[in-house]
**Student:** 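The structure follows.
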Amino acid sequence: MKTTTSTQVTHYEVQKKRRETLLEEWRGYHKTILKRKDVVMHDDPNRRTRRGVYAGWDGDRPTKNLDATIHELPAGLETTTIHRHSWDAIMFIESGSGWTEIDGVRIDWKPWDTVHLPSWAWHRHGNTNPDKPAVFHTWSVQPMLEQFGVALLEEGGDTPVAQLPPRPKQVTALPGEDPYARRTQRLARQAAGEESARLITRFEDVRGLVTKRGARSLFMVDKSIGFHTAGLSAVMHELAPGKYQSRHRHGGEAWLYVISGTGYSMIDDVRHDWEAGDLIVVDHWAWHQHFNGSAEKTARLVRIHNFDALYDMIRILMDPLNLFEEPPVLDAPDLSDVVWPDHLDGRPEG
Ligand SMILES: [Fe+2]
Ligand SMILES: [Fe+2]
């Protein structure tokens with residue numbers, strides 16, 4: 001084992017070189033529009049599904065914070081294998097009908113429903129339609145946990161859930177004012193309600209509201225509506241025909257998946273066109289604004305980020321630098337004359 005250092009290069013030079021190559025490498029990975037047709041679907045014989053990677057190390061598109069995967073359950077698939085992991089994920093159903101079982105609780109779903117897969121919960125999926133595959137997307141914080149060395153994955157095969165170990169239990173709060181007791185109290189508080197938290201948003205049960213930014217929006221997964229996530233949040237934005245959202249910029253990764261419609265995003269004055277099936281990756285600290293390209297139809301986008309975890313931490317560490325900016329007066333369009341389509345308009349059949 002080596003126990004002495006003989007390098008003649010100073011620590012400053014080693015770090016400088018490492019920092020430069022890191023950014024060079026990561027800039028090379030960035031792509032603004034990830035197209036559905038470029039996502040290669042692979043058979044997944046281990047879990048009996050098919051999957052393709054929009055963004056993440058599992059494909060050739062490394063990310064640091066979030067990943068995006070598309071899954072296809074073959075027609076009539078009785079069940080995938082069961083597994084669990086230390087990261088949580090959001091599941092958005094694109095088409096088909098089926099179910100997801102989370103720690104033994106079966107949840108049936110239809111297109112545009114959104115499911116939360118909590119960290120450490122055993123889960124598996126099935127397709128109830130014998131003639132049609134079911135397709136869903138997942139967005140998770142797996143890369144963030146991998147970065148910290150705590151991304152753990154456990155495969156349970158076809159073992160019945162009752163025979164698998166339960167979710168790791170958070171410590172019970174201990175009485176007292178000493179540092180250790182305070183830690184147990186804080187952690188217990190954070191975990192409170194986790195096992196009984198909300199797991200699904202059924203699309204037919206929610207309604208959008210027009211926001212100051214200029215879109216009809218609704219929460220799909222967020223702690224404000226009863227989910228217990230590691231900072232993950234998903235919102236559906238519906239852009240009015242021929243309209244746009246107000247401009248802003250921020251750090252971090254915010255992704256937009258296009259469910260329906262066509263349009264374009266102006267990102268630091270460069271136009272990027274998009275259509276249904278595209279994932280828009282807005283680069284950090286770039287001014288951006290999303291436009292609906294159709295004068296007749298709305299465009300629906302799902303926005304995903306985990307600002308409550310990593311990004312809030314970065315904001316605190318970088319204070320007083322401001323990491324979110326919008327014009328003093330929002331340049332949102334006047335939507336008072338817009339006739340919005342029915343909420344369920346355009347939703348695919350189950
Ligand atoms: Fe999973
Ligand atoms: Fe944004």
Side-chain angles (χ1 to χ4, degrees), residues 32 44 46-49 51 53 56 58 65-73 79-92 99-103 107 115-126 136-143 145-146 151-157 161 164 167 199 211-215 217 229-230 232-237 239 244-258 263 265-268 272 274 279-291 301-307 311 315 322-327 330-332:
T32 304
D44 174 355
N46 292 305
R47 301 207 72 210
R48 308 175 196 125
T49 62
R51 67 168 72 201
V53 179
D58 298 339
N65 179 13
L66 299 168
D67 64 1
T69 313
I70 181 165
H71 307 252
E72 193 183 298
L73 303 179
T79 179
T80 63
T81 60
I82 197 163
H83 82 175
R84 66 175 182 175
H85 27 78
S86 55
W87 58 91
D88 65 341
I90 289 174
M91 229 179 111
F92 173 74
W99 53 266
T100 295
E101 186 197 88
I102 301 173
D103 274 344
I107 295 167
V115 175
H116 180 234
L117 300 169
S119 59
W120 288 120
W122 290 107
H123 54 279
R124 57 181 188 154
H125 319 281
F136 61 84
H137 296 258
T138 55
W139 302 296
S140 89
V141 289
Q142 191 277 338
L145 267 63
E146 191 172 324
L152 294 170
L153 171 67
E154 208 177 342
E155 178 60 48
V161 69
L164 292 165
R167 265 194 238 186
L199 296 171
T211 73
K212 276 188 193 161
R213 264 209 202 134
S217 302
T229 77
L232 277 170
S233 161
V235 166
M236 185 183 284
H237 291 308
L239 300 177
Y244 48 88
Q245 267 189 309
S246 71
R247 218 160 68 100
H248 63 276
R249 66 173 171 176
H250 45 73
E253 284 179 326
W255 294 359
L256 292 141
Y257 179 71
V258 186
S265 299
M266 293 302 294
I267 301 178
D268 274 349
H272 298 270
W274 42 256
L279 182 70
I280 308 163
V281 178
V282 176
D283 204 1
H284 59 275
W285 211 239
W287 284 104
H288 53 282
Q289 191 163 23
H290 310 296
F291 295 79
L301 311 165
V302 184
R303 184 280 285 140
I304 313 104
H305 64 52
N306 73 330
F307 280 17
Y311 192 55
R315 287 176 60 209
N322 171 28
L323 301 186
F324 184 93
E325 225 180 346
E326 53 191 3
L330 296 186
D331 49 350

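Note that the structure is predicted; figures quoted are calculated from it, not measured. Order of listing sets the numbers, starting from 1, for every ligand and every atom in it.
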**Student:** Less than 3.5 Å apart, any donor N or O on the side chain of His284 or His250 sitting next to an acceptor on the other?
**Tutor:** no
**Student:** Any donor-acceptor pair under 3.5 Å linking the side-chain atoms of His83 with those of His123?
**Tutor:** yes
**Student:** His248 vs His288 aromatic rings, parallel, tilted or perpendicular, using cut-offs 30° and 60°?
**Tutor:** perpendicular
**Student:** In terms of ring plane angle, is the pair Phe307 and Tyr311 parallel, tilted or perpendicular, where the classes change at 30° and 60°?
**Tutor:**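 Phe307 vs Tyr311 ring planes: tilted.
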**Student:** Looking only at N, O or S atoms, which one in His123 sits nearest to the Fe ion (ligand 1)?
**Tutor:**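 For His123, the N/O/S atom sitting closest to the Fe ion (ligand 1) is NE2.
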**Student:** Given atoms NE2 of His288 and NE2 of His250, what angle do they subtend at the Fe ion (ligand 2), to the nearest 10 degrees?
**Tutor:**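 Output for this angle: 90°, rounded to tens.
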**Student:** Rounding to 10°, state the angle centred on the Fe ion (ligand 1) that links NE2 in His85 with NE2 in His83.
**Tutor:**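 NE2 of His85, the Fe ion (ligand 1) and NE2 of His83 span an angle of about 100°.
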